[in-house]
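Written below as structure tokens is the structure these notes are about.
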Amino acid sequence: MTDSELLRVAARFDTDGKITSVELYGSGHINYTYKATGTGKDYTLQKINTSLFTNPDTLMHNICLVTEYLRDTVAREAPDERVLRVVPTLDGKPYLTDESGTYRMYEFIDESVCYDAVKSVDDFNSCAFAFGRFATYLDGFDAKQLYEIIPNFHNTVDRMRKFKTALASDALGRAKDVEKEIKFFLDRESYCSKITSLLDSGEMPTRVTHNDTKLNNILFSEKTGKPLAIIDLDTVMPGSVCYDFGDSIRFGCNTAAEDEPDTDKVGFSTELFEAYVKGYLKGFDKITPIERKNLLWGAILMTYECGMRFLTDYLEGDTYFHTQRKGQNLDRARTQIRMVELMEKDFDKLQNIVDNA
Ligand code: ADP
Ligand code: GN1
Ligand code: MG
């Protein structure tokens, strides 16, 4: 996208003042995010990834409904915090489609900072509290109002099916070089149904969850260092709190980056795990015994599933997750494999932490 194209797109939204600059921003793997600045407020402009979000109407329906619902609750319960605010187009729509793509705009959350790695145990504990409270806030929200934006998003059984399809077609002939990684996922196929079977039988409640709770989907206040806003609401839809807990652990407890090429650098921080468990349970006191019992499994499964998704994308030619270099999805898959191994090794110790928190 050229600057002038982006400025032309930005001008079609109902902004305060004139947008004079649009710069690429953030480190998300899915959408293209820009910071738009000018004579008035700052904004976040996003080019929506429509190969994945094929129906912008239902996507924005969910986001508008959830943000409006959260706004009242957050204003009452945590007035210092912020909720994403969708900026409509000049003709009053929540997104814009032109010949170059589909776009939406949010108010930019000022004086915020976003981290790709945990800075301190306390920060991670307050991040956990914020995600726990997010689950509490949405406890009264009727899931029937929401569309399932990406069907089977955290259905690990279905993810395994897709992995096997990618493996069978092996479009780029890459499978022969990653036999060890392929075997890792196939050997653990029995993991896949651990949570889906509890949801299907009704033993575990299906709730409205975020489904993408990694650290860079929460903004912290530059002033207070506390969580300021939960963002990236594209995948808010029915799910399990074990997934939300688990995805934060997958990303945050890794002592290395998600795409670290040297897996010897990958470590699982038990200290961060404990801090997250405590913060999450404090924020989400409505958790049921079966959900609590399966939190650790949520962490193992989210890591296993995400690793399998990275490897699937590697086999399919890196078409889903944004990549900046060759082999990046394979590196990502390998860090996830290492994290699963480390959680398996310390399973009893980690389960005790959850049970005793
Ligand atoms: P993706 O789906 O590609 O991950 P996100 O919605 O997470 O996209 O946005 C990418 C990044 O942009 C975030 O990690 C954050 O740094 C920044 N960001 C997104 N929305 C806002 C906002 N309203 N205010 C400030 N920063 C934002
Ligand atoms: C993607 O959009 P982003 O970068 O916050 C992905 C998540 C993965 C994550 C791995 C819609 O999240 O499911 O866990 O990458 N989002 C989607 O880092 O697929
Ligand atoms: Mg994101």
Side-chain angles (χ1 to χ4, degrees), residues 13 22-37 41-54 59-60 62-63 67 81-87 103-117 127 148-156 159 162 209-222 227-237 239 243-244 246-252 254 257-260 298-299 301-313 318-324 328-329 331-333 335-336 339:
F13 285 86
V22 181
E23 305 271 344
L24 208 54
Y25 191 83
S27 55
H29 294 342
I30 300 297
N31 299 302
Y32 286 103
T33 302
Y34 303 87
K35 182 173 182 182
T37 52
K41 287 184 190 165
D42 295 343
Y43 296 92
T44 298
L45 177 68
Q46 283 185 323
K47 183 172 190 191
I48 300 174
N49 183 334
T50 45
S51 51
L52 150 68
F53 301 116
T54 49
L59 174 75
M60 294 314 290
N62 279 10
I63 291 179
T67 50
E81 293 177 20
R82 305 276 305 272
V83 175
L84 277 180
R85 188 184 286 276
V86 175
V87 177
Y103 301 83
R104 70 176 160 220
M105 192 179 257
Y106 291 119
E107 285 185 3
F108 188 85
I109 299 186
D110 288 317
E111 300 184 327
S112 67
V113 51
C114 183
Y115 300 119
D116 282 317
C127 166
E148 194 180 0
I149 292 300
I150 306 177
N152 293 318
F153 188 58
H154 283 318
N155 180 341
T156 319
R159 293 287 181 188
K162 290 177 175 137
T209 48
H210 184 284
N211 295 303
D212 192 2
T213 51
K214 64 177 173 177
L215 190 70
N216 59 25
N217 286 331
I218 182 165
L219 300 177
F220 288 80
S221 160
E222 264 179 343
L228 187 61
I230 288 176
I231 59 166
D232 203 345
L233 303 177
D234 288 330
T235 51
V236 173
M237 56 187 165
Y243 299 152
D244 277 5
D247 204 41
S248 296
I249 298 299
R250 172 190 80 74
F251 192 85
N254 183 355
E258 189 183 61
D259 61 351
E260 170 58 54
L301 266 175
M302 281 299 92
T303 314
Y304 170 85
E305 179 188 284
C306 197
M308 190 157 64
R309 291 172 63 196
F310 288 143
L311 192 59
T312 304
D313 199 28
D318 309 305
T319 56
Y320 185 95
F321 296 102
H322 291 172
T323 52
Q324 288 81 37
Q328 194 171 7
N329 271 321
D331 289 338
R332 288 171 177 154
T335 61
Q336 305 307 293
M339 287 290 282

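Read the numbers this way: they start at 1 and go in the same order the structure lists the ligands and their atoms.
Of the protein's heavy atoms, C114 SG, 3.4 Å lies nearest to atom 16 (O) of ligand 1. Annotation: atom 14 (O) of ligand 1 to nearest protein heavy atom, N216 O, 2.8 Å. Scanning the protein for heavy atoms near atom 3 (O) of ligand 1, the closest one is N31 N, 2.9 Å. Scanning all protein heavy atoms for the shortest distance to atom 26 (N) of ligand 1 gives F108 CE1, 3.7 Å. Protein heavy atom nearest atom 20 (N) of ligand 1, with residue, atom name and distance: T44 CG2, 3.7 Å. The protein atom (non-hydrogen) at minimum distance from atom 24 (N) of ligand 1 is I109 N, 2.9 Å. Ranking protein heavy atoms by distance to atom 11 (C) of ligand 1, first place goes to G26 CA, 4.0 Å.
Residue contacts with ligand 2, taken as heavy atom pairs separated by less than 4.0 Å, do not involve N211 at all. In D232, the parts holding a heavy atom less than 4.0 Å from any atom of ligand 1 are both the side chain and the backbone. At a heavy-atom distance under 4.0 Å, only side-chain atoms of I231, from C-beta outward, approach ligand 1. Proximity of L84 to ligand 1, defined as any heavy-atom pair under 4.0 Å, is confined to the side chain (atoms from C-beta onward). Under 4.0 Å from ligand 1, the heavy atoms of E107 that appear belong solely to its backbone. Contacts of L219 with ligand 1, taken as heavy-atom pairs under 4.0 Å, involve the side chain alone. Using a 4.0 Å cut-off between heavy atoms, R332 makes no contact with ligand 2 at all.
Taking distance alone, with nitrogen or oxygen atoms compared against 3.5 Å, D232 approaches ligand 2 more closely than that limit. An N or O contact shorter than 3.5 Å is missing between T235 and ligand 2 by distance. An N or O contact shorter than 3.5 Å links H29 to ligand 2 by distance.
At least one donor-acceptor pair under 3.5 Å links the side chain of D313 to the backbone N or O of Y320. Of the possible donor and acceptor atoms, none in the side chain of N216 sits under 3.5 Å from a partner among the backbone N and O of Y115. With S248 contributing its side chain and T213 its backbone, the two residues share a donor-acceptor pair below 3.5 Å. Judged by distance alone, with hydrogens and angles left aside, the side-chain atoms of T235 form a donor-acceptor pair with the main-chain N or O of H210 at under 3.5 Å. Side chain of N217 to backbone of D212: a donor-acceptor contact under 3.5 angstrom is found.
Using a 4.0 Å cutoff on heavy atoms, F153 counts as a contact of ligand 2. Put simply, part of R309 is less than 4.0 Å from ligand 2, judged by heavy atoms. Under a 4.0 angstrom heavy-atom cut-off, D212 registers as being in contact with ligand 2.
Compare T33, N49, D212 by their heavy atoms: the one nearest to atom 10 (C) of ligand 1 is in T33. Counting only non-hydrogen atoms, the option in H154, M302, R250 that gets closest to atom 14 (O) of ligand 2 is R250. Between atom 19 (O) of ligand 2 and the options Y320, Y243, F321, the minimum heavy-atom separation is to Y320.
For ligand 2, the atoms closer than 4.0 angstrom to any heavy atom of N217 are 5 (O). Residue contact check: F310 has heavy atoms under 4.0 Å from atoms 10 (C) of ligand 2. Distances below 4.0 Å separate heavy atoms of N217 from the following atoms of ligand 1: 7 (O). The Q46 neighbourhood of ligand 1 comprises atoms 5 (P), 6 (O), 8 (O), 9 (O), with distances under 4.0 Å to a heavy atom of that residue. Ligand 2 places these atoms under 4.0 Å from at least one heavy atom of G28: 4 (O).
Under the rule for a side chain to side chain donor-acceptor pair (under 3.5 Å), the partners of Q328 that lie at least two apart in sequence or sit in another chain are D259, Q324. When the side chain to side chain donor-acceptor pair (under 3.5 Å) test is applied to N49, the partners found at least two apart in sequence or on another chain are S51. Residues meeting the side chain to side chain donor-acceptor pair (under 3.5 Å) test with D234, sequence neighbours left out: N31, R104.
A donor-acceptor contact closer than 3.5 angstrom is absent between the side chains of E260 and T335.
The side-chain heavy atoms of I218 and I231, taken from C-beta on, include no pair separated by under 4.5 Å.
Taking distances strictly below 2.8 Å, the protein N/O/S atoms close to the Mg ion (ligand 3) are N217 OD1, D232 OD2.
Counting non-hydrogen atoms of neighbouring residues, nucleotides and ligands closer than 6.0 angstrom, the CZ atom of F153 exceeds 12 such neighbours.
None of Y34, Y25, Y43 except one satisfies the ring pair (Phe, Tyr, Trp, His ring centres under 6.0 Å) rule with F108; the exception is Y25.
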Dump the intermediate steps for side-chain hydrogen bond (donor to acceptor under 3.5 Å, both in side chains) on T33 and Q46, then the final yes or no.
CA-CA 4 Å; T33 302; Q46 283 185 323; 2.9 Å; yes
